[in-house]
Amino acid sequence: MSQYQLETTCVQGAYEPKKGDPRVMPIVQSTTFKYETSDQMGRLFDLEEEGYFYTRLQNPTCDLVAEKINRLEGGVGAMLTSSGQAATYYAIFNICEAGGHIICSTSVYGGTFNLFDVTMRKMGIECTFIDPDASEEEIEKAFQPNTKAVFGESIANPALVVLDIEKFAKLAHKHGVPLIIDNTFATPINCRPFEWGADIVTHSTTKYMDGHAMALGGCIVDSGNFDWDAHADKFPGLTSPDPSYHGIVYTKSFGKKAYITKATVQLMRDLGSMQSPQNAFLLNVGLETLHLRMPRHCENALKVARFLQTREEVAWVSYPGLEGDRYYDVAQKYMPNGTCGVLCFGLKGGRDVSIRFMDHLKLAAIVTHVADARTCVLHPASHTHRQMTDEQLLEAGVKPDLIRFSVGIENADDIIADIRQALES
Ligand SMILES: *Cc1c(COP(=O)(O)O)cnc(C)c1O
């Protein structure tokens with residue numbers, strides 16, 4: 001495996017064409033793959049040999065793009081999924097089934113909150129939500145004998161809480177479970193959770209990795225560092241025979257790749273949320289410029305945040321890259337080169353003023369999306385969290401006046417001019 005820097009990996013990682021091969025990573029737009037003898041194919045079904053047979057399990061294009069993300073994160077293996085939601089679900093379900101329990105930061109993406117708080121409870125998986133800034137003693141109280149994993153976001157969407165990854169890794173490991181980090185907002189360009197003790201990383205590739213709002217997708221990356229056998233009783237799915245593969249034991253057969261192999265050959269086979277090769281191809285085009293876009297997002301967001309701070313109309317600004325922000329110091333530790341392009345702010349006058357301001361924006365578009373090359377904006381209280389009362393919003397950490405502003409890679413002066421004219425209208 002070539003040890004390229006992040007920038008080179010973004011552009012050329014994983015796909016190494018030989019003589020006469022296409023220069024561009026090709027889309028293998030085929031659901032199925034041909035073999036010469038019946039026995040050849042049989043060995044694939046028994047996992048005795050590696051190879052492609054059906055795109056629901058694996059596809060060459062998807063595998064190359066997964067491998068590029070794997071190298072960016074510094075893992076041992078990765079799997080693409082059809083969405084970020086599927087990645088979150090599979091990351092948990094791979095090691096936690098009915099009767100199990102997980103611990104999750106309260107500051108996570110709304111979709112993740114619903115998945116853990118409503119849907120996975122119906123499957124018999126309980127979740128305790130904890131304040132990410134609580135003391136270690138406080139967080140430890142959430143662990144139960146049936147706890148299987150701890151989950152958090154490196155930078156939370158939309159609360160912009162930066163997680164103290166080392167603190168959470170230490171606590172998770174003390175209780176014999178892995179730490180799973182959703183690294184969507186920071187991306188491996190700005191933060192590499194494995195270097196701080198995280199065991200599994202998930203992504204919504206729909207956001208910065210794609211970067212152009214073209215293709216929904218997700219990814220799970222395995223660090224290979226968690227010792228499942230040391231906690232074999234907690235993780236029987238990985239450490240005892242799988243009857244659906246003639247009794248294979250993942251940790252025995254696949255060693256450090258046990259977790260990601262099981263996710264691919266068992267969960268993807270049975271539940272099927274594969275990313276399409278076409279979407280993986282588009283994602284790869286996005287990845288080729290991720291290292292150029294992230295610094296620009298951060299640079300522009302910092303300029304916008306500083307501008308907002310100077311304005312009378314603005315009640316508060318939250319951006320972890322801004323000196324004086326509550327999460328500035330922790331961001332400096334885990335992502336010293338930059339955080340993300342998303343910032344939040346509120347206007348004096350509250351909710352109604354915030355809504356009127358958004359209606360006056362011209363360059364920044366109102367869309368249900370974030371982390372795009374184009375500047376976009378959303379008012380969670382009126383959109384994603386619309387069903388909640390003001391009281392419920394505050395409990396969920398979403399102030400009624402909160403504007404989520406996703407700064408793009410346009411010229412910062414134009415973005416600021418747009419905000420200025422909307423504030424003055
Ligand atoms: C969007 C998002 C998700 C869900 O991803 P989809 O691709 O929309 O399914 C998960 N986590 C974070 C942090 C997100 O921003």
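We use all heavy atoms of the structure for the numbers below, so side chains are in, but hydrogens, waters and symmetry mates are not. Order of appearance sets the numbers: ligands from 1, and atoms from 1 within every ligand.
By the 6.0 Å and 45° rule, Lys167 does not stack over the aromatic ring of Trp196.
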Could you pull out all donor-acceptor pairs under 3.5 Å where a side-chain atom in residues 110-119 meets a protein atom, sequence neighbours excluded?
residue : atom : partner : partner atom : Å
Asp117  : OD1  : Arg121  : NE           : 3.3
Asp117  : OD1  : Arg121  : NH2          : 2.8

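Between Leu402 and His379, every side-chain heavy-atom pair lies at or beyond the 4.5 Å cut-off. When side chains are defined from C-beta on, Thr147 does not count as touching His175, because their heavy atoms never get closer than 4.5 Å.
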For ligand 1, find each of its N or O atoms that sits under 3.5 Å from a protein N or O atom, and tabulate the pairs with distances to one decimal place.
residue  : atom   : partner : partner atom : Å
ligand 1 : 5 (O)  : Ser204  : OG           : 3.0
ligand 1 : 7 (O)  : Gly84   : N            : 2.9
ligand 1 : 7 (O)  : Ser204  : OG           : 2.8
ligand 1 : 7 (O)  : Thr206  : OG1          : 2.6
ligand 1 : 9 (O)  : Gly84   : N            : 3.1
ligand 1 : 9 (O)  : Gln85   : N            : 2.9
ligand 1 : 11 (N) : Asp182  : OD2          : 2.7
ligand 1 : 15 (O) : Asn157  : ND2          : 2.9
ligand 1 : 15 (O) : Lys207  : NZ           : 2.7

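Looking only at atom types and distance, the side chain of Tyr52 has a donor-acceptor partner in the side chain of Asp63 under 3.5 Å away.
Ring-centre distance between Tyr259 and Phe226: not below the 6.0 Å cut-off.
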